[in-house]
Amino acid sequence: IKGQYAKHFAVYDDNLRNKLLREQAITDSMEKALAEKQFFIYLQPKYTIQDDRLAGAESLVRWNHPEWGFMSPAEFIPLFEKNGFITRLDQFVWVETCKVLRRWLDQGYQPIPISVNVSRADVYQADLADILLRLIQKYSLPPSLLHLEITESAYTENPEQIIHTVGNLRELGFIIEMDDFGTGYSSLNMLNKMPLDVLKLDMKFIQSETAKPIDQGILRFIMGLARWMNLSVVAEGVETREQLERLRDIGCDYVQGYYFSKPMPCREFEILAQSLESQ
Ligand code: C2E
Ligand code: CA
Ligand code: CA
Ligand code: CA
């Protein structure tokens with residue numbers, strides 16, 4: 001038994017060691033990656049659920065490393081949230097997103113809003129509102145074209161401070177979306193004090209492998225609450241027609257997911273948007 005334990009721990013140590021080595025390698029290469037433009041954004045469309053209109057997009061970061069190839073944000077974002085690099089990467093993503101919006105306006109497209117992710121570390125930065133305000137001024141954009149997705153769990157950390165910061169942003173005209181709604185255990189009592197425009201339902205309510213029968217009831221309840229609070233509701237992670245029908249049934253407003261489209265390069269998104277506009 002003793003021998004087996006030793007073996008077990010050796011494997012465990014190896015996994016942990018590999019993980020730490022990998023994390024160190026990522027940390028060592030992140031600055032260079034930013035300087036050398038290895039990061040870029042993909043856009044994933046959002047549609048109105050009632051009439052299938054293209055209504056917006058979410059900007060999602062991608063990393064194409066010269067040796068490791070495409071890496072999943074699931075691997076590097078949590079690490080960057082730990083080591084603080086996320087604030088710089090997010091600012092890069094916001095700039096790239098503003099450039100895209102500026103280009104759409106310059107080219108005379110019907111502009112649609114783009115949502116960017118704002119990580120918990122960004123929200124607890126004192127000058128977040130200044131940074132974002134300067135950004136939209138630099139690119140002469142109406143703030144309503146830039147939606148800010150803030151994960152629900154960020155709200156539970158220091159509610160007073162986040163209500164203050166996000167309240168400022170909302171007064172400036174940014175649209176505030178609560179991301180991953182249903183995972184962060186924000187109390188209903190808090191929800192009603194949050195400066196918010198949109199609830200973005202977490203995928204677990206929608207996806208068949210994780211959704212429980214009770215979830216349809218919870219979704220109906222959330223929809224009722226959202227209506228009453230004047231919030232619109234986005235469902236993400238929609239992969240099948242059945243999931244879409246269930247969401248339509250409860251009166252959800254917007255949908256995003258592989259059923260419609262995966263995140264794609266900006267140029268591809270523009271071609272899609274143009275083809276829809278000319279229909
Ligand atoms: P998120 O903000 O909840 O973004 C949604 C994720 O779900 C994206 O993964 C998207 O590609 C994926 N997705 C969209 N539709 C479907 C679907 O139908 N089925 C499934 N299974 N997945 C779908 P992605 O791009 O890998 O990003 C993962 C997470 O990494 C994001 O979750 C977000 O928390 C973080 N992230 C991505 N880009 C950024 C960024 O620029 N800044 C920050 N702070 N976080 C980011
Ligand atoms: Ca998001
Ligand atoms: Ca998230
Ligand atoms: Ca989400």
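Note that this is a predicted model, so its numbers are computed, not measured. In listed order, ligands and their atoms are each counted from 1.
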Residue D202, metal the Ca ion (ligand 4), N/O/S under 3.0 Å: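 Here the distance criterion (N, O or S atom, under 3.0 Å) is not met by D202, so no.
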Step-by-step side-chain contact (heavy atoms from CB on, under 4.5 Å) determination, N117 to S59: CA-CA 7 Å; N117 288 285; S59 192; over 6 Å; no
Look at [atom] and find which of [options] reaches it with the closest heavy atom.
| atom | options | answer |
| --- | --- | --- |
| atom 14 (C) of ligand 1 | Q44, E75, Q91 | Q44 |
| atom 36 (N) of ligand 1 | D90, T183, I77, I86 | I77 |
| atom 3 (O) of ligand 1 | V238, V118, D180 | D180 |
| atom 22 (N) of ligand 1 | F92, F39, Y258, Y42 | Y258 |

Check against side-chain contact (heavy atoms from CB on, under 4.5 Å), E149 and D180: CA-CA 9 Å; E149 293 192 7; D180 310 321; over 6 Å; no
Any N or O of [X] closer than 3.5 Å to N or O of ligand 1:
| X | result |
| --- | --- |
| N117 | yes |
| Y259 | no |
| S59 | no |

Which segment of Q243 sits under 4.0 Å of ligand 1 when only heavy atoms are counted: neither
Residue portion contacting ligand 1 (non-hydrogen atoms closer than 4.0 Å) for V61: both
Whether W63 and F39 hold their rings parallel, tilted or perpendicular, with breakpoints at 30° and 60°: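 The arrangement is tilted - the two ring planes meet at 30° to 60°.
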Within a distance under 4.0 Å of any heavy atom of [X], pick out the atoms of ligand 1 and give their elements.
| X | result |
| --- | --- |
| E58 | 2 (O), 4 (O) |
| G257 | 15 (N), 18 (O) |
| V93 | 41 (O) |
| S119 | 44 (N) |
| P263 | 11 (O) |

L132 CG to L148 CG distance, which is reported to the nearest 0.5 Å: 6.0 Å
NE2 on H164 to CG on N158, rounded to 0.5 Å: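 So the gap between those two atoms works out to 11.5 Å.
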Do [X] and [Y] have side chains that approach each other closer than 4.5 Å (heavy atoms only, starting at C-beta)?
| X | Y | value |
| --- | --- | --- |
| T165 | Y124 | no |
| F174 | I136 | yes |
| W94 | V118 | yes |

Atom of [X] closest to the Ca ion (ligand 2), considering N, O or S atoms:
| X | value |
| --- | --- |
| E149 | OE1 |
| E58 | OE2 |
| D179 | OD2 |

Residues D202 and T183: side-chain donor-acceptor under 3.5 angstrom: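 Looking only at side-chain atoms, T183 and D202 do not form any donor-acceptor pair under 3.5 Å.
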Any N/O/S atom, side chain or main chain, of [X] closer to the Ca ion (ligand 2) than 3.0 Å?
| X | result |
| --- | --- |
| E177 | no |
| N117 | yes |
| E236 | no |

Flag, side chain of Q44 to backbone of L60, donor-acceptor distance under 3.5 Å: no
N, O or S atom within D180 nearest to the Ca ion (ligand 4), by name: OD1
Are [X] and ligand 1 in contact, using a heavy-atom cut-off of under 4.0 Å?
| X | result |
| --- | --- |
| E239 | yes |
| E81 | no |
| M203 | yes |
| Q207 | yes |
| G237 | yes |

Residues forming a side chain to side chain donor-acceptor pair (under 3.5 Å) with R134, sequence neighbours excluded: none
Linked, directly or transitively: Y47 and Y42 (ILVMFWY side chains, under 4.5 Å): no
Among D52, D51, D253, salt bridge (charged side-chain N to carboxylate O under 4.0 Å, His left out) partner for R248: D52
Do the side chains of [X] and [Y] get close enough for a salt bridge, i.e. N-O under 4.0 angstrom?
| X | Y | answer |
| --- | --- | --- |
| E152 | K200 | no |
| R246 | E242 | no |
| K46 | E177 | yes |

